[in-house]
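What you see is a predicted model; the values in this text were computed from it and never measured. Here, residue 1 is the first one in the sequence, and each next residue gets the next number.
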Amino acid sequence: MITLSQHKNLKRLAAALIKDAGVILTEDELARMDTADFGLGAPEVEGAQIASLIDTEKIAMRVIALLPGQTEPEHRHAGAGDCAGKEETIRVLAGMFYLCVEGDDNLRFARVPPGKDQFYTARREYAMQPGDCLTIPPGVRHWFQAGGGGAVVYSVSTTATDAKDLFTDPAVRRVTEIRE
Ligand code: ZN
């Protein structure tokens with residue numbers, strides 16, 4: 001749960017990062033921006049600001065803005081029926097962006113949030129900068145974190161069903177709850 005004033009503040013900071021990255025969002029896209037705290041109540045530590053630009057039956061496109069050091073918790077994209085889970089490609093637009101996926105542990109720059117070691121099992125780190133692209137195959141656990149200046153990325157993927165993403169931390173609630 002976050003408060004309305006936290007929501008407004010996170011949105012304002014994210015909008016500034018996105019603007020500085022040279023990305024144009026419409027008023028409507030800004031108004032609908034998700035300021036996700038993942039139900040953990042500490043959005044500056046574990047959180048992400050996510051603007052949905054495209055959602056069709058086949059593809060989705062998001063702009064994700066992370067504040068300095070902010071972390072999107074580890075998750076994977078579930079399949080449903082005949083559909084494999086979402087394939088997601090990240091392209092960095094601004095800032096340093098540390099993407100960690102399952103694989104050999106080479107964690108160097110990204111910092112697991114304090115006390116959360118067991119919920120951050122993917123330790124193969126890619127230190128990405130603007131222009132870098134990486135595709136995360138369906139079903140592979142991943143998490144990411146911004147460097148000290150924040151980061152802005154595109155997430156381009158097959159059909160997104162964000163509410164069904166499977167998070168390693170059982171305390172995560174994907175739908176953001178905002179209180180007055
Ligand atoms: Zn993902």
*Are Arg91 and Val156 side-chain neighbours, meaning at least one heavy-atom pair lies under 4.5 Å?*
no
*Which heavy atom in Ala171 sits nearest to a heavy atom in Asp169, and how many Å separate them?*
N-OD1, 2.9 Å
*Going through the checks in order, is the side chain to side chain contact (heavy atoms under 4.5 Å, CB included) test met by Arg174 and Asp34?*
CA-CA 10 Å; Arg174 180 59 192 87; Asp34 185 13; 3.1 Å; yes
*Do side-chain atoms of Trp143 reach the backbone of Thr71 as a donor and acceptor pair under 3.5 angstrom?*
no
*Check whether any side-chain heavy atom of Leu107 lies under 4.5 Å from a side-chain heavy atom of Val112, and answer yes or no.*
yes
_Sole residue of Ile64, Leu66, Val63 in side chain to side chain contact (heavy atoms under 4.5 Å, CB included) with Val152_ = Val63
*Could you check if a side-chain atom of Val92 sits within less than 4.5 angstrom of a side-chain atom of Leu134, using non-hydrogen atoms only?*
no
*asked:* Is it the case that the side chain of Gln49 and the backbone of Leu10 share a donor-acceptor pair, with hydrogens and angles ignored and the cut-off at 3.5 Å?
replied: no
*Residue Leu4 excluded, over 12 heavy atoms near CG under 6.0 Å*: yes
*What are the two closest non-hydrogen atoms of Ile136 and Val101, and how far apart are they?*
CG1-CG1, 4.5 Å
*Establish, yes or no, whether the cationic atom of Arg124 lies under 6.0 Å from the six-membered ring centre of Tyr126 and within 45° of the ring axis.*
yes
*Out of curiosity, His7 NE2 to Thr176 OG1, how far, rounded to the nearest 0.5 Å?*
9.0 Å
*Search all heavy atoms of Ala122 against all heavy atoms of Cys100 and return the closest pair with its distance.*
O-CB, 3.5 Å
*asked:* Under 4.5 Å between side-chain heavy atoms, counting indirect links through other Ile/Leu/Val/Met/Phe/Trp/Tyr residues: same cluster for Phe144 and Ile50 or not?
replied: yes
*side chain to side chain contact (heavy atoms under 4.5 Å, CB included) partner of Glu88, the single match among Arg62, His77, Arg76*: His77
*Is the backbone of Pro43 close enough, under 3.5 Å, to the side chain of Gln70 for a donor and an acceptor to pair up by distance?*
yes
_Test item: His75 and His142 side chains (from C-beta on) under 4.5 Å apart, heavy atoms_ = yes
*Pairs flagged by side chain to side chain donor-acceptor pair (under 3.5 Å) wherever residues 92-114 is involved - sequence neighbours left out*: none
*Exercise: identify the closest heavy-atom pair between Pro130 and Gly95*: CD-O, 3.4 Å
*Euclidean distance, Glu180 CD relative to Ser5 OG, rounded to 0.5 Å*: 10.0 Å
*Going from CG on Asp132 to CG on Leu99, what distance comes out if it is rounded to the nearest 0.5 angstrom?*
10.5 Å
*Going by the side chain to side chain contact (heavy atoms under 4.5 Å, CB included) test, name the single residue among Val140, Thr159, Thr158 that passes it with Glu87.*
Thr158
*Counting only N and O atoms by type, is there a donor-acceptor contact under 3.5 Å from the side chain of Asp55 to the main-chain atoms of Ala60?*
no
*Determine the interplanar angle of the Phe167 and Phe38 rings, folded into 0 to 90°, and report it as parallel if under 30°, tilted if 30 to 60°, perpendicular if over 60°.*
tilted
*asked:* Any non-hydrogen side-chain atom of Leu93 less than 4.5 Å from a side-chain atom of Tyr154?
replied: yes
*Which distance, rounded to the nearest 0.5 Å, do you find between the CG of Leu13 and the OG1 of Thr35?*
11.0 Å
*Step by step, would you call Val45 with Lys116 a side chain to side chain contact (heavy atoms under 4.5 Å, CB included)?*
CA-CA 11 Å; Val45 181; Lys116 297 288 182 100; over 6 Å; no
*asked:* Quick check: closest heavy atoms across Pro68 and Gly149, and the distance to 0.1 Å?
replied: CG-C, 4.0 Å
*Given the rule in the side chain to side chain contact (heavy atoms under 4.5 Å, CB included) test, do Leu25 and Met33 qualify, once you have shown the distances and angles that lead to the verdict?*
CA-CA 10 Å; Leu25 295 187; Met33 183 190 289; 4.3 Å; yes
*Any chance you could measure Thr3, atom OG1, to Glu177, atom CD, to the nearest 0.5 Å?*
12.0 Å
*Please name the pair of heavy atoms, one in Met96 and one in Ala151, separated by the smallest distance, quoted to 0.1 Å.*
O-CB, 3.5 Å
*Do Ser155 and Ile90 come close enough that some side-chain heavy atom pair is under 4.5 Å?*
yes
*Is there a donor-acceptor pair under 3.5 Å between the side chain of Glu74 and the backbone N or O of Arg141?*
no
*Ile18 side, atom CD1; Ile24 side, atom CD1 - distance, nearest 0.5 Å*: 11.0 Å
*With the side chain counted from C-beta on, respond yes when Pro73 and Phe119 share a heavy-atom pair under 4.5 Å apart, and no when they do not.*
no
